[in-house]
Asks: 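My structure is below; once you've seen it, I'll send some questions.
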Amino acid sequence: MASIGTSIAASGPPKAVVRSKGYWSGVGARLRRDPVALVFGTFLFAIIGAAIFAPYLGLQDPYAGSMVSRLKPVGTPGHLLGTDELGRDMLARLIYGGRLTLLLGLLPVLFAFMIGTVLGVLAGFVGGLVNAVIMRTVDVFFAFPSVLLAIAISAALGAGIINSIVSLTLVFIPPITRVAESVTASVRNLEYVDAARISGASAFTVVRVHVLGNVVSPIFVYATSLTSVSMILAAGLSFLGLGVKPPEAEWGLMLNTLRSAIYINPLIAALPGVMIFITSLCLNLLSDSLRTAMNIKD
Amino acid sequence: MADTVVDPRPDRGGPAQPLVIAKSLKRHFTISKGLFGMKASAVRAVDDVSFTVEKGETLGIVGESGCGKSTTARILVGLTPIDSGDLIFDGEQLGGDLTLKDLWAGVQMVFQDSYASLNPRLTIEDTIAFGPRMRGTSTDDARALAHELLTRVGLAPERFAGRYPHELSGGQRQRVNIARSLAIRPRLVILDEAVSALDKSVEAQVLNLLTDLKAEFGLTYVFISHDLNVVRYISDRIMVMYLGEVVEIGPVEKIWQRRAHPYTAALFAAMPSMDPDDRTEVPPLAGDPPNPIDPPSGCRFHTRCAFAEPMCGTARPTAMPVAGDADHMAACHMLDPASGHSRAAARIAELAA
């Protein structure tokens with residue numbers, strides 16, 4: 001009987017191994033070759049970058065109004081995108097508004113992604129009673145339309161940015177859990193998970209190495225498609241007075257306060273909505289590209 | 001074997017102790033219906049199956065789809081729990097002295113679907129090194145071991161170790177699966193339709209590789225296949241299963257000469273012949289196997305058997321030695337002179353001749 005391993009010491013350092021590109025660098029390369037991802041990624045990058053670096057862009061004070069120059073049209077000298085109903089510079093407010101709106105779009109989805117993945121993978125991998133408890137609880141949330149749910153939770157918690165984030169997180173946990181559960185349940189029955197189990201690894205290691213890596217991309221893609229929904233819901237909450245409060249700049253809130261100006265200067269009143277539309281479109285198209293790029297089986 | 005990386009589980013019972021003794025294994029899958037998951041019925045996937053696997057042999061398991069071959073295989077590696085019966089691995093009983101973790105140190109499995117059995121997100125070397133690493137081998141040693149095994153199964157580690165499964169062909173992936181199963185130095189390898197999905201030339205290469213590895217590492221195989229020619233080539237003994245039961249078991253050449261059970265005879269008759277004069281036009285067996293949820297009473301084969309008599313539907317046959325040979329057993333009333341089957345005496349005389 002020969003023995004594996006006896007010759008390791010004698011054979012010296014292993015010969016150079018040709019390595020295939022890692023998974024994420026492959027995804028990156030495929031994204032860079034995708035024109036849609038490139039164009040809309042750049043757009044989104046510009047919007048996010050402008051929001052983050054807003055104080056350094058030499059913009060006017062987004063809170064300083066002037067009663068003399070109210071609702072100036074787009075293209076007014078000194079106010080490139082005009083002014084709002086209190087005479088504040090629209091360009092500055094739109095860029096500053098992106099900070100809160102993007103935060104309200106991304107943070108709830110990020111939290112829901114983390115919590116929902118844990119719940120869904122747990123339900124899908126363990127199955128049985130654990131699955132029944134988690135998934136039936138999730139089903140309760142599905143009984144309510146997501147807008148209604150967000151409004152109800154926000155109203156119960158009271159207005160405010162933190163409460164908006166909490167309520168939106170709660171809204172997004174059920175759908176993410178459901179996606180995570182179904183992907184996990186299908187991976188769990190694959191033979192490589194069986195092979196990992198009989199190799200003697202603990203259940204936690206099997207999940208970490210063999211399940212999580214294969215379920216996280218579909219869940220992630222799904223979650224990215226929710227960010228635009230989250231942004232719109234957050235804008236809706238602010239519009240109803242349940243999210244951000246005046247005089248804070250936030251796209252949803254701006255839509256609300258500008259709605260009386262719709263007969264005087266419709267273009268100005270529509271600008272925050274245009275921003276929401278462009279950002280959601282970028283996020284949705286990018287998540288589509290991501291889905292394609294993450295598909296390993298070409 | 002001074003500095004073996006992973007210690008194989010030592011031999012305990014000596015060569016006379018069978019490596020595996022399976023006694024009356026039963027596995028019924030319950031089908032639940034309704035809101036509260038009430039038990040509605042049970043699929044009797046494996047029903048009262050007993051056999052042994054001797055050290056160093058290859059036991060072939062054959063039978064139609066749904067006969068319980070794969071469930072038996074999964075029971076042997078501990079992936080499917082048994083409802084009742086005993087599984088004894090080298091003298092130690094599973095659930096008693098032997099934990100699942102111990103069993104997995106001695107038994108590994110090669111699965112049919114070579115793609116689904118490799119994690120698409122791990123490189124080949126990480127897949128092979130995973131088992132040894134879980135057993136405490138350092139990452140570097142486990143990788144070195146993976147490279148050695150890759151060489152051994154005919155894949156140059158410089159070219160293949162860093163690749164992902166989707167970059168390999170089916171035959172190459174199955175070689176990786178074999179290397180992975182050997183990485184923790186098992187004593188028993190279950191090959192569940194391991195070559196069935198490969199094309200014929202690749203299949204032959206992999207079979208030869210399996211034969212070489214068996215001799216080199218002192219392995220014991222349980223080889224599951226629906227291809228009788230392949231089973232004959234690689235096996236020492238054959239076990240024929242039908243609807244969750246063993247109908248015949250014995251050394252391969254003895255079964256080839258004397259197909260004692262009518263089902264075995266039908267199975268062999270269904271093999272395509274290379275000789276055009278030997279062409280068969282009438283199917284040896286009509287219809288599909290009965291539903292294992294509610295299997296036929298008595299002898300399970302009586303609904304499709306050409307020699308069935310009323311008594312076959314009531315009494316369950318016991319395994320009888322064929323032509324007085326205790327190595328070759330079959331469960332058929334025609335082999336039991338006391339069964340009352342009208343053809344018993346003639347059949348026994350025919351087989352003894």
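Letters A, B, ... mirror the listed sequences (proteins, then strands); counts begin at 1. Model, not experiment: these values are computed from the prediction. All values below were derived from every heavy atom in this structure, side-chain atoms included, with hydrogens, water molecules and symmetry-related copies excluded.
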Asks: Mark yes or no for whether B:Arg180, through its side chain, and A:Ser199, through its backbone, hold a donor-acceptor pair below 3.5 Å.
Replies: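 Absent.
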Asks: Can you list the residues that meet the side chain to side chain donor-acceptor pair (under 3.5 Å) rule with B:Gln108, with sequence neighbours excluded?
Replies: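 Checked B:Gln108 against side chain to side chain donor-acceptor pair (under 3.5 Å); zero matches.
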Asks: State, to 0.1 Å, how close B:Phe111 and A:Ala195 come at their nearest heavy-atom pair, and which atoms those are.
Replies: CE1-CB, 3.8 Å
Asks: Where does A:Ala196 contact chain B at under 4.5 Å (heavy atoms): side chain, backbone, both or neither?
Replies: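 Both the backbone and the side chain of A:Ala196 come within 4.5 Å of chain B.
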Asks: Between B:Leu100 and chain A, which part of the residue has a heavy atom less than 4.5 Å away: side chain, backbone, both or neither?
Replies: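 Neither the backbone nor the side chain of B:Leu100 comes within 4.5 Å of chain A.
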Asks: Let's go through B:Tyr115 and A:Leu190 carefully: what are the C-alpha distance in whole Å and the side-chain angles of both, what is the deciding distance for side-chain contact (heavy atoms from CB on, under 4.5 Å) to 0.1 Å, and is it a yes or a no?
Replies: CA-CA 10 Å; B:Tyr115 191 75; A:Leu190 289 178; over 6 Å; no
Asks: Are A:Asp194 and B:Met109 close enough that some pair of their side-chain heavy atoms sits under 4.5 Å apart?
Replies: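 A side-chain contact is absent here, since even the closest heavy-atom pair is not under 4.5 Å.
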Asks: If a pair satisfies side-chain hydrogen bond (donor to acceptor under 3.5 Å, both in side chains) and one of its residues is in residues 168-180 of chain A, list it, with sequence neighbours excluded.
Replies: A:Asp139-A:Arg178
Asks: Counting a contact as any heavy-atom pair under 4.5 Å apart, which residues of residues 209-226 of chain A contact chain B?
Replies: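 Only A:Val209, A:His210, A:Gly213, A:Asn214, A:Ser217 of residues 209-226 of chain A have a heavy atom under 4.5 Å from chain B.
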Asks: I'd like to verify something: which residue of B:Ser181, B:Ala116, B:Gly78 has the highest number of heavy-atom pairs under 4.5 Å with chain A?
Replies: B:Ala116
Asks: Would A:Ile198 and B:Val107 count as a side-chain contact (heavy atoms from CB on, under 4.5 Å) here? Give the steps.
Replies: CA-CA 8 Å; A:Ile198 61 175; B:Val107 186; over 6 Å; no
Asks: Taking atom CZ of A:Phe144 as the centre, does the number of heavy atoms from other residues, nucleotides or ligands within less than 6.0 Å exceed 12?
Replies: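 12 or below, so no.
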Asks: Measure distances from B:Arg152 to the heavy atoms of chain A and classify the residue's part below 4.5 Å as side chain, backbone, both or neither.
Replies: neither
Asks: Tell me, yes or no, whether the heavy-atom count around A:Phe45 atom CZ, taken from other residues, nucleotides or ligands under 6.0 Å, exceeds 12.
Replies: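 Counting neighbours around CZ of A:Phe45, 12 or fewer heavy atoms of other residues, nucleotides or ligands fall under 6.0 Å, so no.
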Asks: Can you measure from CG (B:Asn119) to OH (A:Tyr192) and round to the nearest 0.5 angstrom?
Replies: 5.0 Å
Asks: Taking only residues two or more places apart in sequence, or in another chain, which ones meet B:Glu203 in a side chain to side chain donor-acceptor pair (under 3.5 Å)?
Replies: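 B:Glu203 satisfies side chain to side chain donor-acceptor pair (under 3.5 Å) with B:Lys200 once adjacent residues are dropped.
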Asks: At a 4.5 Å cut-off on heavy atoms, which part of B:Arg143 comes close to chain A: side chain, backbone, both, or neither?
Replies: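 The side chain, not the backbone.
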